[in-house]
Amino acid sequence: MTKKVVIDCDVGVDDALALILAFHSPELEVKAVTGVNGNVPLDTVFTNIQKMLSFIQPACKPLIARGANQPLKGETIHAHSVHGQDGLGGAKIQCEDGKTWWQNYPRHASELILEMAHQHPDEITLVAVGPLTNLALALKQDPAGMKKLKELVIMGGAVRTRGNVTPYAEFNIYSDPVAAKIVFESGIPITLVPLDVTHQVFLTPRWMEEKAKPLNTPFSNFLIEATGYDIETHRFRNRDTIFLHDPLAVAAVIEPTLVKMERLSLQVEIQDGEYYGKISEVKKGPEIDVCLGVDAERFLELFVSGLR
Ligand code: BDR
Ligand code: CA
């Protein structure tokens, strides 16, 4: 039995890698891909979704929709320094001319998410790997409809570890904490994939040499380009390692035994100040399954299988 998924993303290099993994996994049936402002502005996110689908050429064309172009509250932040101006690390993508590999949904991403939930009650896993604005908007519109989702798997937060935007907050949650609070308090079953666990899965120059380079497929070559790996100097452009945040969220759906979870009561800080966007463990609050451990080796095997 395949799992029906909808992916809400802000493509983004690791979002792009998550899409490759998802569409190449026979365990998943990706019904729709929705875009949200995040790593790059919404227009770029939406272009990147189309670019990635033209590259992947999925057998079943997913619906795609544009979502929120700003957070519910607060200023928009982007992560061009990590993902490049185009959000794909400047990687060139070979696309076949004149073919479309998706179906355009004419309305907002939040409506597409709701339509999927209504059409396939208790069957859809929504994998959210960007800021949670689209999900919060859908919840405001039709909370009962959203409850028809089977589960949410969310990449976001830093629970017992340092943040990556501030010492306390992680990018996806920091970008729209009000949306995160609405989603956390929705009562929909949530699996959270925070930095605590995504920082355990990363690519090193050695891995690139031993596993990625020898593959020499369009997808392994995309990985090399998008991550800025220099095959001459054996180094990444501006970092020592590349974290696979979003692919891990997809992997947790494909193979839940890869991760170790603890059920925690969590709260999101939405007040301005030093702790803005921080997730804290509290005595009483929404209960969320939080991934804290991962079999990194087995995950990387799964990840590389998606590049073949
Ligand atoms: C998350 O933020 C984005 O930069 C990545 O795509 C990932 O979803 C990691 O903090
Ligand atoms: Ca992302």
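First listed ligand is number 1; within each ligand, the first listed atom is number 1.
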Engineer: Which residue owns the protein heavy atom closest to atom 8 (O) of ligand 1, what's the atom, and how far is it?
Structural biologist: D246 OD1, 2.6 Å
Engineer: Measure the distances from the heavy atoms of V82 to every atom of ligand 1 and state whether one is below 4.0 angstrom.
Structural biologist: no
Engineer: If we count only N and O atoms by modelled type, under 3.5 Å, do the side chains of D10 and N37 hold a donor and an acceptor together?
Structural biologist: no
Engineer: Do the non-hydrogen side-chain atoms of T191 and L152 ever get within less than 4.5 Å of each other?
Structural biologist: no
Engineer: Please check if any side-chain donor atom of S280 sits under 3.5 Å from a side-chain acceptor atom of E269, or the reverse.
Structural biologist: no
Engineer: In the protein, which heavy atom is nearest to atom 4 (O) of ligand 1, and how far is it?
Structural biologist: N39 OD1, 2.6 Å
Engineer: Going by the angle between their ring planes, with limits at 30° and 60°, are Y276 and Y174 parallel, tilted or perpendicular?
Structural biologist: perpendicular
Engineer: Can you find a side-chain donor-acceptor pair between N134 and D8 that sits under 3.5 Å?
Structural biologist: yes
Engineer: Side-chain contact test, heavy atoms from C-beta onward, threshold under 4.5 Å: evaluate it for I124 versus E151 and give yes or no.
Structural biologist: no
Engineer: Report, in ascending order of atom number, the atoms of ligand 1 lying under 4.0 Å from any heavy atom of E170.
Structural biologist: 1 (C), 2 (O), 9 (C), 10 (O)
Engineer: Ligand 1 versus V129, non-hydrogen atoms closer than 4.0 Å: side chain, backbone, both, neither?
Structural biologist: backbone
Engineer: Could you tell me whether E115 and R107 have a side-chain N and a carboxylate O separated by less than 4.0 Å?
Structural biologist: yes
Engineer: Show which atoms of ligand 1 fall inside a sub-4.0 Å distance from at least one heavy-atom site of H83.
Structural biologist: 4 (O), 6 (O)
Engineer: What are the atoms of ligand 1, with element, lying closer than 4.0 Å to any heavy atom of D15?
Structural biologist: 6 (O)
Engineer: For a salt bridge (charged side-chain N to carboxylate O under 4.0 Å, His left out) check, start with the C-alpha distance between E123 and K150, then their side-chain angles and the critical distance, and finish with the verdict.
Structural biologist: CA-CA 5 Å; E123 281 194 82; K150 183 175 160 210; over 6 Å; no
Engineer: May I ask you to check whether D142 and H118 show a side-chain donor-acceptor distance below 3.5 Å?
Structural biologist: yes
Engineer: Counting only heavy atoms not in R298 (residues, nucleotides, ligands), do more than 12 fall under 6.0 Å from its CZ?
Structural biologist: yes
Engineer: Which residue and non-hydrogen atom of the protein lie closest to atom 6 (O) of ligand 1, and at what distance in Å?
Structural biologist: D14 OD1, 2.5 Å
Engineer: Given that the side chain starts at C-beta and the backbone is N, CA, C, O, which of these parts of V13 lies under 4.0 Å from ligand 1, counting heavy atoms, or is it both or neither?
Structural biologist: neither
Engineer: At a cut-off of 3.0 Å, what protein N/O/S atoms sit near the Ca ion (ligand 2)?
Structural biologist: D10 OD1, D15 OD1, D15 OD2, V129 O, D246 OD2
